[in-house]
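To start, the structure under review is shown below, and the notes come after it.
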Amino acid sequence: MQDLNFYCQYLGLKALIFAIRLMPWSFALKFGELLGSALTLVIRKRYLRTKEDIKKAFPEKSEKEVDYIALESWRNIGRLSAEFVKAAYMKDEDILSKVELIGMEEVAAQNAAGKGCILHLGHFTNWEIAGLIVSILFKNVCFIAKPQTNPYVDKEVNRLRSIRGARYISAYNPFFSCFKALKKGGLISILSDQSVHASKLYMPFLGRAAEVAPLTAVLSLKAQVPVYAIRIYRRGKKIIVERTDTFLPPKIEYSHKAVYDYTVLLKSKLEDYIKLAPETWLWGHNRWKREKDCIEAMKQQEAELKKDISHEK
């Protein structure tokens with residue numbers, strides 16, 4: 001019965017993709033925005049939780065500002081989905097015309113030289129379009145994604161993500177596949193995430209205790225490859241993909257403390273992006289669903305980190 005339900009969901013997705021492909025670009029975006037707005041009513045509890053999370057992250061903002069950030073974030077879910085579907089089937093030059101790259105020369109040089117690197121992104125504006133652009137412009141591209149519960153939907157979404165030749169790596173136990181790809185000169189795109197079951201790092205995120213994925217820091221330290229922080233935002237009708245910073249892994253002995261400090265640095269950059277334009281971030285995920293557990297885990301982690309420091313001395 002569950003398999004039948006999954007297949008019906010998949011057929012619904014395929015029908016939606018087909019319909020969006022027939023729409024003009026501007027109409028598809030408007031349709032996506034309406035779809036995102038409708039989701040705030042269909043998944044009402046999640047939308048209300050979104051507003052609470054925004055209030056806690058930005059207590060200084062008015063109710064009107066919170067409403068704007070929350071609604072625009074959910075509209076963007078529909079907008080980015082429509083853009084992604086349209087772009088997946090467009091010619092390369094047509095996709096490139098929708099995007100402007102800033103500061104990506106360093107990434108291009110690293111990639112052209114056959115040296116591994118990591119793109120550090122967040123769930124901003126349209127990360128899926130950014131993934132397609134990277135796949136067009138660079139070689140040996142890999143992306144990490146958490147498998148969807150519905151296997152048919154998972155296969156279809158990752159087919160679209162890989163349509164320009166990027167290689168999919170499952171978010172479940174990705175380290176060895178990623179490390180091998182980096183050593184072969186691969187470019188790995190990692191969407192920084194929170195509330196990660198496999199994570200062993202706990203730290204404040206937007207002022208609240210959360211689990212933060214350490215994979216980017218671990219890979220950069222182990223493989224000694226640079227991390228390029230990428231901000232994605234809109235300017236008029238263009239999607240801007242900008243490298244704002246380059247993080248070089250410190251050449252120190254690998255340790256839990258080294259991973260923690262590096263992850264704090266990367267996490268802080270993501271927080272900076274959110275504070276610049278909170279409405280462009282995906283608030284729909286429950287980033288703090290294990291907040292109480294994380295508070296206790298942070299206390300234990302702090303004691304372990306102090307032990308690491310005393311051992312180093």
Side-chain angles (χ1 to χ4, degrees), residues 80 84 87-88 92 95-96 99 101 103-148 151 153-194 196-199 212-232 239 241-249 259 262-263 266 269-270 282:
L80 77 88
F84 175 48
D92 290 356
I95 302 177
L96 292 169
V99 178
L101 302 181
M104 297 295 284
E105 297 83 4
E106 190 176 327
V107 182
Q110 182 82 357
N111 184 250
K115 298 178 180 179
C117 62
I118 300 171
L119 300 187
H120 178 60
L121 305 89
H123 291 91
F124 292 95
T125 305
N126 199 323
W127 61 90
E128 300 289 5
I129 287 278
L132 289 176
I133 291 295
V134 167
S135 300
I136 291 170
L137 297 177
F138 303 118
K139 59 185 179 181
N140 199 6
V141 174
C142 304
F143 68 90
I144 301 171
K146 181 181 177 181
Q148 302 286 322
V153 171
D154 182 66
K155 185 176 180 180
E156 178 64 14
V157 171
N158 286 319
R159 182 187 70 81
L160 294 177
R161 287 170 171 163
S162 305
I163 207 164
R164 290 305 193 283
R167 183 163 70 90
Y168 161 69
I169 296 175
S170 171
Y172 295 136
N173 300 316
F175 174 78
F176 290 107
S177 294
C178 290
F179 184 78
K180 187 176 179 181
L182 288 171
K183 284 300 184 181
K184 290 184 176 180
L187 182 154
I188 297 182
S189 178
I190 300 179
L191 278 166
S192 181
D193 214 341
Q194 300 75 41
V196 184
H197 280 291
S199 173
V212 178
L215 180 64
T216 302
V218 171
L219 287 170
S220 180
L221 286 165
K222 286 282 190 180
Q224 284 295 297
V225 298
V227 176
Y228 299 113
I230 306 294
R231 183 184 171 210
I232 310 168
I239 296 172
V241 179
E242 178 182 6
R243 178 193 61 83
T244 63
D245 298 87
T246 298
F247 297 105
L248 300 176
V259 172
Y262 201 177
T263 302
L266 296 171
K269 181 52 59 178
L270 184 65
L282 180 64

Ring pair (Phe, Tyr, Trp, His ring centres under 6.0 Å) partners of Phe179, counting only residues at least two apart: Phe175
Tell me every residue that passes side-chain hydrogen bond (donor to acceptor under 3.5 Å, both in side chains) with Glu156, counting only those two or more places apart in sequence or in another chain. Lys14, Arg159
Residue set satisfying salt bridge (Lys or Arg N to Asp or Glu O under 4.0 Å) with Glu106, at least two apart, ordered chain then number -> Arg243
Could you check Ile118 against Leu219 for side-chain contact (heavy atoms from CB on, under 4.5 Å), going step by step and ending with a plain yes or no? CA-CA 9 Å; Ile118 300 171; Leu219 287 170; 3.8 Å; yes
Which heavy atom of Pro249 sits nearest a heavy atom of Val225, and at what distance? CD-O, 3.3 Å
In terms of heavy-atom contacts, Gln110 and Gly116 come closest through NE2-O, 3.1 Å
Once side chain to side chain contact (heavy atoms under 4.5 Å, CB included) is applied, do any residues pair with Ala171, and if so which ones, sequence neighbours excluded? Ile144, Lys146
Kindly state each residue pair satisfying side chain to side chain donor-acceptor pair (under 3.5 Å) with at least one member in residues 115-130, sequence neighbours excluded. Glu83-Asn126, Glu128-Arg161
May I have the list of side-chain donor-acceptor pairs in residues 182-190 shorter than 3.5 Å, sequence neighbours left out?
none

Do any pairs count as a side chain to side chain donor-acceptor pair (under 3.5 Å) and have a residue in residues 168-177, sequence neighbours left out, and if so which ones? none
Those residues that, when tested against Tyr262, pass side-chain hydrogen bond (donor to acceptor under 3.5 Å, both in side chains) (two or more places apart): Ser220
Between the CG atom in Leu119 and the CZ atom in Phe143, the distance rounded to the nearest 0.5 Å is 13.5 Å
Nearest 0.5 Å, please: how far is CG in Asp245 from OH in Tyr228? 12.0 Å
What pairs with Glu242 under side chain to side chain contact (heavy atoms under 4.5 Å, CB included), at least two apart in sequence or on another chain? Ile102, Tyr233, Ile240, Thr244
Nearest 0.5 angstrom please: Ile95 CD1 to Leu132 CG, how far? 5.5 Å
Verify, without hydrogens or angle tests, whether Asn158 (side chain) and Asp154 (backbone) share a donor-acceptor contact under 3.5 angstrom. yes
Non-hydrogen atoms of Leu266 and Ala217 that approach each other most closely: CD1-N, 4.1 Å
Using side chain to side chain contact (heavy atoms under 4.5 Å, CB included) as the criterion, list what pairs up with Pro151, not counting sequence neighbours. Phe6
Nearest 0.5 Å, what's the CD1-CG distance between Ile230 and Leu270? 13.0 Å
When rounded to the nearest 0.5 angstrom, what distance separates CD1 in Ile239 from CD1 in Ile129? 5.0 Å
Evaluate the side-chain proximity of Leu137 to Leu96: yes if any heavy-atom separation is below 4.5 Å, no if none is. yes
Heavy-atom donor-acceptor pair, Arg164 side chain to Ala88 backbone, under 3.5 Å: yes
Please report the closest heavy-atom contact between Leu101 and Val99, naming both atoms and the distance. CD2-CG1, 4.1 Å
Considering only residues two or more places apart or on different chains, which pairs with a residue in residues 215-229 satisfy salt bridge (charged side-chain N to carboxylate O under 4.0 Å, His left out)? none
Any residue meeting side chain to side chain contact (heavy atoms under 4.5 Å, CB included) with Arg167, in chain and number order, not counting sequence neighbours: Cys142, Ile169, Ala181
As an exercise, state the distance from CG of Leu215 to CG of Leu191, rounded to the nearest 0.5 Å. 11.5 Å
